[in-house]
Each structure stands twice: as C-alpha cells, then as structure tokens.
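Data first, discussion second: the structure below is written as structure tokens.
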Amino acid sequence: RLAAEGLKGNTYTDYSAINGQTGKPWTVDPSAVEKHSIRGKLLWTPEAISDFSAKLTVAQRKHDGAYLNWAEGDPKDYEFTGATSNTRVSDTDSTVVSTDIEYGLSESLTAHLLLSHMDYQAHFTESGADNFQMDQDEKTDTLEARLAYAGLDNDVDGVVGVYYSKRDQDLLAAPNG
C-alpha cells in the first residue's frame, strides 16, 4: 500500500511586499507553504507459517514555509503590520522506518516485536522582536517486545513486555544573527 499527499499554497495572512520591521522587501515569502507526506507499507504473511506476519512501514514528511506565524489587529483583516508580529519560516524533514512482527505461539499467546528508526531535522528562523532561530537534528531507535495473552474463556487477558528507546539529539536554539 502506498499513500501520498501534498500541499502548495499560501497562508491566509496578508504580507505586504515590504517587511514592516526592516523597510526592505522580504527575502522569502513568509506566507508560502509547501509540504508533502509519503507512506508505504508492505505486509508479508507466508503460507508456510500461518500465524506469522511481518509489516514494513516507511514514512517520509517534509514541510517548507510558514510555521506558527501570527498577526495583530482586527482578526477579520489578518494583516501583518510588523510592529509586534512575528514570522517563522521552517524547513522540516522526517523519515521513519519500522518493522512490526507478530507470531501466534498458541491459540491464546501472541508474540509482538516492533523495531523502528526515526531521522528528524528541523530548522526555523523567526523575524520580529524575538528574532530567534532553531536547528534540530534527532535520531531515535526503538525496540518493543510484547507477549499478549488472551484467555480462551475471556476471564483473564494480559500483556507483558519490554521497551527500549535511544535518542540522539543536537539542538541549537538561539537569537538569530
């Protein structure tokens, strides 16, 4: 199975051709937005092992453009005046790869194993009084193993498992400039 979506457009805020804080033209259009998301799944259920399934999922998302911008004044105008308004322009990418394995050990006991890796990068710059920037690079590896018991008489059900996650993160959050 494969799914994809995309969006390209502008936010509802009206930005003039001139940056109200600097008196100069914008170097990027603060209302422009472009993003996409792609996800693919592959399920394997071999005939030789009837109670076994393995699923591979890959998902990739990208966002470029306006991020958490706000404006001031009459809400019906959504006009950016630059006095205390801020703009944030971001560039964000994330990719997740996961494997989910399930095996029926008996009629009432099932083993589950989930392995995943995430790679995430984010960058944004902000105009306005805060004049802030952020760069983030993060990698996360996760392992989850469970045994699920479903009693045949429906009186007792239970789950026992272990979870492990390791995250490496580099973060720069500071005044811009």
Is it true that Tyr120 and Val58 fall in one hydrophobic cluster, defined by side-chain heavy atoms closer than 4.5 Å?
-> no
Any donor-acceptor pair under 3.5 Å linking the side chain of Asp157 with the backbone of Gly151?
-> yes
When rounded to the nearest 0.5 angstrom, what distance separates CG in Leu143 from NZ in Lys166?
-> 13.5 Å
Atom pair CE (Met134) and OG1 (Thr125), whose distance is rounded to the nearest 0.5 Å | 10.5 Å
So which of His123, Lys62, Gln121, His63 actually passes side-chain hydrogen bond (donor to acceptor under 3.5 Å, both in side chains) with Asp93?
-> Lys62
Side-chain contact test, heavy atoms from C-beta onward, threshold under 4.5 Å: evaluate it for Thr110 versus Asp51 and give yes or no.
-> no
Going hydrophobic residue to hydrophobic residue with side-chain gaps under 4.5 angstrom, can you get from Leu171 over to Phe124?
-> yes
Val162 and Tyr164: same hydrophobic cluster, using ILVMFWY side-chain contacts below 4.5 Å?
-> no
Salt bridge (Lys or Arg N to Asp or Glu O under 4.0 Å) partners of residues 111-121, not counting sequence neighbours, each pair once | Asp119-Lys139
Which atom pairs, one a donor and one an acceptor, fall under 3.5 Å between side chains of residues 95-105 and the rest of the protein, sequence neighbours left out?
none

Between Leu113 and Ala145, what is the shortest heavy-atom contact and its length?
-> CD1-CB, 4.1 Å
Residue pair Asp137 / Asp168, side-chain heavy-atom distance below 4.5 Å | no
From Thr92 atom OG1 to Asp64 atom CG, the distance as rounded to the nearest 0.5 Å | 8.0 Å
Verify same cluster id: Leu115, Phe52 (apolar side-chain graph, 4.5 Å) | yes
Assess whether atom CD of Glu107 is packed by more than 12 heavy atoms of other residues, nucleotides or ligands within 6.0 Å.
-> no
Hey, could you give me the NZ/CG distance between Lys55 and Leu42, rounded to the nearest 0.5 Å?
-> 11.0 Å
Leu172 and Gln133: side chain to side chain contact (heavy atoms under 4.5 Å, CB included), yes or no, with the steps?
-> CA-CA 8 Å; Leu172 167 68; Gln133 69 178 352; 4.2 Å; yes
Would you kindly confirm whether Val156 and Leu109 end up in one hydrophobic cluster when ILVMFWY residues are joined by side chain heavy atoms under 4.5 Å apart?
-> yes
Side chains of Gln60 and His36 in contact at under 4.5 Å (non-hydrogen atoms) | yes
Can you tell if the side chain of Glu138 reaches within under 4.5 Å of the side chain of Met118, non-hydrogen atoms only?
-> yes
